[in-house]
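A short write-up of the structure that comes next.
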Amino acid sequence: MSRRVVITGMGAITPIGLNVRDFFEAVKEGKHGFGPITKFDSAEYKCHVAAEVKDFDPKSYMDPKAARRMELFCQYAVAAAKEAIEDSGLSMEKEDPYRIGCSIGSGIGSLQAVERECDKLANRGPSRVNPLLVPLMISNMAAGNVSICFGLKGKSLNVVTACATGTHSVGEAFRSIQYGDADVMIAGGTESSITPIGVAGFCALTALSGVEDPDRCSLPFDKNRSGFVMGEGAGILVLEELTHALLRGAHIYAEVTGYGCTSDAYHITSPAEDGMGAAKAMLAAVADAGIRPEDITYINAHGTGTHHNDLFETRAIKQAFGEHAKNIHINSTKSMIGHLLGAAGAIELITCVKEMEEGFIHKTLGYSTPDEEIDLDYCRETYREEIPYALSNSLGFGGHNASILIGQYR
């Protein structure tokens, strides 16, 4: 018999708020985090807009010496984990640290470290490369640094599935608790790739929007969509075995009820055109939860704003839910914060938890012009209603599909 898993804490570093409260207040107000790129001179690039994290000071979250030995993606993860653990009320002094694990992924790691040290290598020779380059740049160091900072000695994972990383990380943490590998898992995703090579790479792939108007650059599901806008940040959740949470009197936000994963096995960047891979992931999450497809009334979509994703994800939802798809509210948080790559799924799951808590479904910001085949309810306006279940989708380059399902705790 698998064990029940609940969410007892959350933390967020985002382009519209440096904690969960500020982030979700901005979501409810329909604010976005888009603006001109300030991290480097983008004059020669096809893309000039991003969703950058503003006013982040690592010294507010961790020891300055420790911060100097972390790249930005790790600093974001530690900051969000600190908020999540404090929010959960978890006291490590009272816990067996070998029963508390960590599942935090990053799709890319530190491009900043790679750029910096490649420049040294080219201009000053191999002897000048930082001896800490490898531990600074590799993507598992977010999980490593969070474990070190908070004394988490249980299972430690780094899932890397491109833009599905955050959702897979939470899903694998869910499974770890379900089957007894841990009692508590600190789980989520983090990313900071608004760098010259990061933006140049996605520009060369024609994946990024070239629109310079911050109000019109990210238009998921809209006929005028032109690509995604790169964001950055971290989302971390505390997942906990139900009895463990009840015994310590923890506040329970929601229950994680289902998790589904598939591979398109189709193309390195494009989702499968019929949407069947993503559809199977959604249906697997629904079956895992032991509910009917008709019980789903809300989906937080991957919704990147690229031509292929939004079309094929719509096909996937229709494949999974048939005629009932027309009754489902579907929105994209990326319309406000852009695409956080490996952190996207975790932040979007936090959004689902807050929406469920408040009975509020946010609008897809900027959505105004329907496309012919993209013809479902993409939340042109907000809704206020009870949300029994929320399904969150993530789709990654390489054909990775992940869906995670949460329900109201009963």
Are the side chain of [X] and the backbone of [Y] linked by a donor-acceptor contact shorter than 3.5 Å?
X: E241; Y: A182; value: no
X: D87; Y: M10; value: yes
X: R384; Y: I361; value: no
X: T364; Y: Y367; value: no
X: E83; Y: A12; value: yes

Roughly how far, to the nearest 0.5 Å, is the [atom2] atom of [Y] from the [atom1] atom of [X]?
X: C163; Y: L395; atom1: SG; atom2: CG; answer: 9.0 Å
X: D215; Y: E212; atom1: CG; atom2: CD; answer: 13.5 Å
X: F174; Y: H168; atom1: CZ; atom2: NE2; answer: 13.5 Å
X: T297; Y: H324; atom1: OG1; atom2: NE2; answer: 7.0 Å
X: R248; Y: L90; atom1: CZ; atom2: CG; answer: 5.0 Å
X: L391; Y: D295; atom1: CG; atom2: CG; answer: 12.0 Å

Which pair of heavy atoms, one from [X] and one from [Y], lies closest together, and at what distance?
X: T8; Y: A250; answer: CG2-CB, 4.0 Å
X: C217; Y: S209; answer: O-OG, 3.1 Å
X: A285; Y: G260; answer: CB-N, 3.7 Å

Please tell me whether [X] and [Y] have a donor and an acceptor in their side chains that are separated by less than 3.5 angstrom.
X: S192; Y: E232; value: yes
X: T333; Y: N300; value: yes
X: D183; Y: H244; value: no
X: N393; Y: S403; value: yes

Would you say that [X] contacts [Y] through its side chain, given a criterion of any heavy-atom pair below 4.5 Å between the two side chains?
X: R3; Y: L242; value: no
X: L349; Y: V170; value: yes
X: S218; Y: F228; value: no
X: L208; Y: V229; value: no
X: M62; Y: M70; value: yes
X: I268; Y: F397; value: no
X: F23; Y: L18; value: no
X: H339; Y: H302; value: yes

Closer than 4.0 angstrom, basic N to acidic O: yes or no for [X] and [Y]?
X: K59; Y: D57; answer: yes
X: K326; Y: D375; answer: no
X: R4; Y: E255; answer: yes
X: R175; Y: D288; answer: yes
X: E86; Y: K82; answer: yes

Check the orientation of [X] and [Y]. Use parallel for under 30°, tilted for 30 to 60°, and perpendicular for over 60°.
X: F56; Y: Y61; answer: parallel
X: F221; Y: Y378; answer: parallel
X: Y253; Y: H251; answer: perpendicular

More than 12 heavy atoms of other residues, nucleotides or ligands under 6.0 Å from [atom1] of [X]: is that the case?
X: E29; atom1: CD; result: yes
X: K153; atom1: NZ; result: no
X: K120; atom1: NZ; result: yes
X: R69; atom1: CZ; result: no
X: F40; atom1: CZ; result: yes
X: K280; atom1: NZ; result: no
X: K46; atom1: NZ; result: no

- Message: Would F360 and H362 count as a ring pair (Phe, Tyr, Trp, His ring centres under 6.0 Å) here? Give the steps.
- Response: CA-CA 6 Å; F360 172 88; H362 76 70; 7.4 Å; no
- Query: Of L72, L340, L111, which meets side chain to side chain contact (heavy atoms under 4.5 Å, CB included) against S193?
  - Reply: L111
- Task: Might you work through the side chain to side chain donor-acceptor pair (under 3.5 Å) test for E115 and T195, ending with a clear yes or no?
- Result: CA-CA 9 Å; E115 290 176 346; T195 74; 3.1 Å; yes
- Task: Report the C-alpha separation of Y259 and E172 in whole Å, then their side-chain angles, then the decisive distance to 0.1 Å, and conclude whether the side chain to side chain donor-acceptor pair (under 3.5 Å) test is met.
- Result: CA-CA 9 Å; Y259 173 46; E172 294 305 312; 2.7 Å; yes
- Quick one: do H308 and H267 satisfy ring pair (Phe, Tyr, Trp, His ring centres under 6.0 Å)? Show the steps, please. CA-CA 12 Å; H308 280 12; H267 191 272; 8.4 Å; no
- Message: Using the rule given for ring pair (Phe, Tyr, Trp, His ring centres under 6.0 Å), can you reason through Y298 versus Y383, listing the C-alpha separation, both sets of side-chain angles and the distance that settles it, and then say yes or no?
- Response: CA-CA 11 Å; Y298 167 58; Y383 292 94; 9.4 Å; no
- Message: Going by salt bridge (charged side-chain N to carboxylate O under 4.0 Å, His left out), E373 matches just one of R315, K318, K223. Which one?
- Response: R315
- Message: Would N158 and S106 count as a side chain to side chain donor-acceptor pair (under 3.5 Å) here? Give the steps.
- Response: CA-CA 7 Å; N158 170 49; S106 172; over 6 Å; no
